[in-house]
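First comes the structure, then the notes that go with it.
On a predicted model such as this, the values are computed, not experimentally measured, just so you know.
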Amino acid sequence: MANHRRCIQTLTQQLFKSNLHPNPPPLIQHLRTLTQIPNFPLKPFNPNSHHTLSNPNFNSSSFNLTTYRHFSSDNNNESEEDESEFDDDDDEMEMNSVSCVAKREYTPEEKESEAAAIGYKVIGQLERSDRVFKEYEPVFAVIQIGAHQFKVSNGDCVYTEKLKFCEVNDKIILNKVLMLGSKTQTMIGRPVLPEAAVHAVVEEHALDAKVIIFKKKRRKNYRRTKGHRQELTKLRITDIQGIEKPEIPTPAKKVEKAAVAA
């Protein structure tokens, strides 16, 4: 490293001497070529004009090296244009990705199979002429819808998680009946009673009350607050089938005793 530094120092000294001396010796005359500055043109430069450079002749004595420099504003404009182009491309990609992600369309067979896995089957729409609502019967059933179980009777109203393939006023059959009971008998499934069924009508699709989810990590400046409202379906139980229903005794009318005249 020391030898390289000494060589650089001697070269700079010789170059300085050659610039000061009008007639330098031939040994260091070749160093003056390193300090020769090309003659730049004096004509004004138009940044909007396009110039074409031909192949220069380095051997000629009248060689002028012309160089043009772009201003920083032009470079910024170009960079801004490039960034805007990239932003437009990103927006187009996002729009394409959103358009590609569409809602899945289920076939009737797929709808029926998924509904059966949840535990119900859609029969059809409730019509005005239908008389599905009956008086109370002393029979109960334990049904399963999804991962939840309910004890229901005729005329009861239950809220379940939203059922995908049914609309308001649809008549459905709940197939997963775990247990049936009355005053005289009780039937328990293993795990399901195959001949039992519970009929219901979809009354409403609603949202449950908001639940606040708050997360915190102490001494980490981490706090997250989120809200969630579960989608629900309101079902009205209309009939329970698969068990003998006892007859409801009618109340006896009180016979007024005629007053016996004394």
Could you tell me which non-hydrogen atom of [X] sits nearest to which non-hydrogen atom of [Y], and how far apart they are?
X      : Y      : result
Leu163 : Cys166 : CB-SG, 3.4 Å
Glu231 : Leu207 : CG-CD2, 3.6 Å
Ile237 : Ala200 : CD1-CB, 4.0 Å
Ser182 : Phe140 : N-CE2, 4.1 Å

Identify the residue among Glu204, Lys234, Glu203, His205 that makes a side chain to side chain contact (heavy atoms under 4.5 Å, CB included) with Val168.
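Passing option: His205.
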Please say which of Leu235, Ile123, Val201, Thr238 ends up in a side chain to side chain contact (heavy atoms under 4.5 Å, CB included) with Ile172.
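Checked Leu235, Ile123, Val201, Thr238 against Ile172; only one passes side chain to side chain contact (heavy atoms under 4.5 Å, CB included): Leu235.
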Could you check whether Lys111 makes a cation-pi contact with Tyr106, meaning its NZ or CZ is under 6.0 Å from the centre of the six-membered ring and within 45° of the ring axis?
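Checked: cation-pi criterion not met.
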Determine yes or no for a side-chain-to-main-chain donor-acceptor pair under 3.5 angstrom, with [X] supplying the side chain and [Y] the backbone.
X      : Y      : value
Asn154 : Glu135 : yes
Glu244 : Pro246 : no
Arg236 : Gly155 : yes
Arg229 : Ala209 : no

To the nearest 0.5 Å, how far apart are [atom1] in [X] and [atom2] in [Y]?
X      : Y      : atom1 : atom2 : result
Thr186 : Leu180 : OG1   : CG    : 9.5 Å
Ile243 : Thr184 : CD1   : OG1   : 6.5 Å
Gln144 : Asn175 : CD    : CG    : 12.0 Å
Leu193 : Leu178 : CG    : CG    : 8.0 Å
Arg219 : Asn221 : CZ    : CG    : 13.0 Å
Leu174 : Ile145 : CG    : CD1   : 4.5 Å

Report yes or no: do Val122 and Ile143 belong to one cluster of Ile/Leu/Val/Met/Phe/Trp/Tyr joined by side chain heavy-atom distances under 4.5 Å?
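Linked, Val122 and Ile143 end up in one cluster.
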When clusters are formed by joining ILVMFWY residues with side-chain heavy atoms under 4.5 Å apart, either directly or through shared neighbours, do Ile118 and Val158 land in the same one?
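Ile118 and Val158: one cluster.
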Run the salt-bridge test on Asp239 and Lys245 with the 4.0 Å N-O cut-off and return the result as yes or no.
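Yes.
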Side chains of [X] and [Y]: does their closest heavy-atom pair fall under 4.5 Å?
X      : Y      : value
Glu112 : Phe165 : no
Asp170 : Gln125 : yes
Glu161 : Gln230 : yes
Lys176 : Tyr120 : no
Glu195 : Met187 : no

With ILVMFWY side chains joined below 4.5 Å, transitively, what does Ile212's cluster contain besides itself?
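Reading the cluster by chain and number, Ile212 sits alone, since nothing else belongs.
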Please determine whether side-chain contact (heavy atoms from CB on, under 4.5 Å) holds for the pair Val142 and Val177, giving the CA-CA distance in whole Å, both sets of side-chain angles, and the decisive distance to 0.1 Å.
CA-CA 6 Å; Val142 177; Val177 181; over 6 Å; no
Assess whether atom NZ of Lys164 is packed by more than 12 heavy atoms of other residues, nucleotides or ligands within 6.0 Å.
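More than 12 within 6.0 Å, yes.
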Using the side-chain contact (heavy atoms from CB on, under 4.5 Å) rule, take Phe150 and Thr160 through it: C-alpha gap first, then chi angles, then the decisive distance, then the call.
CA-CA 9 Å; Phe150 305 90; Thr160 67; 3.7 Å; yes
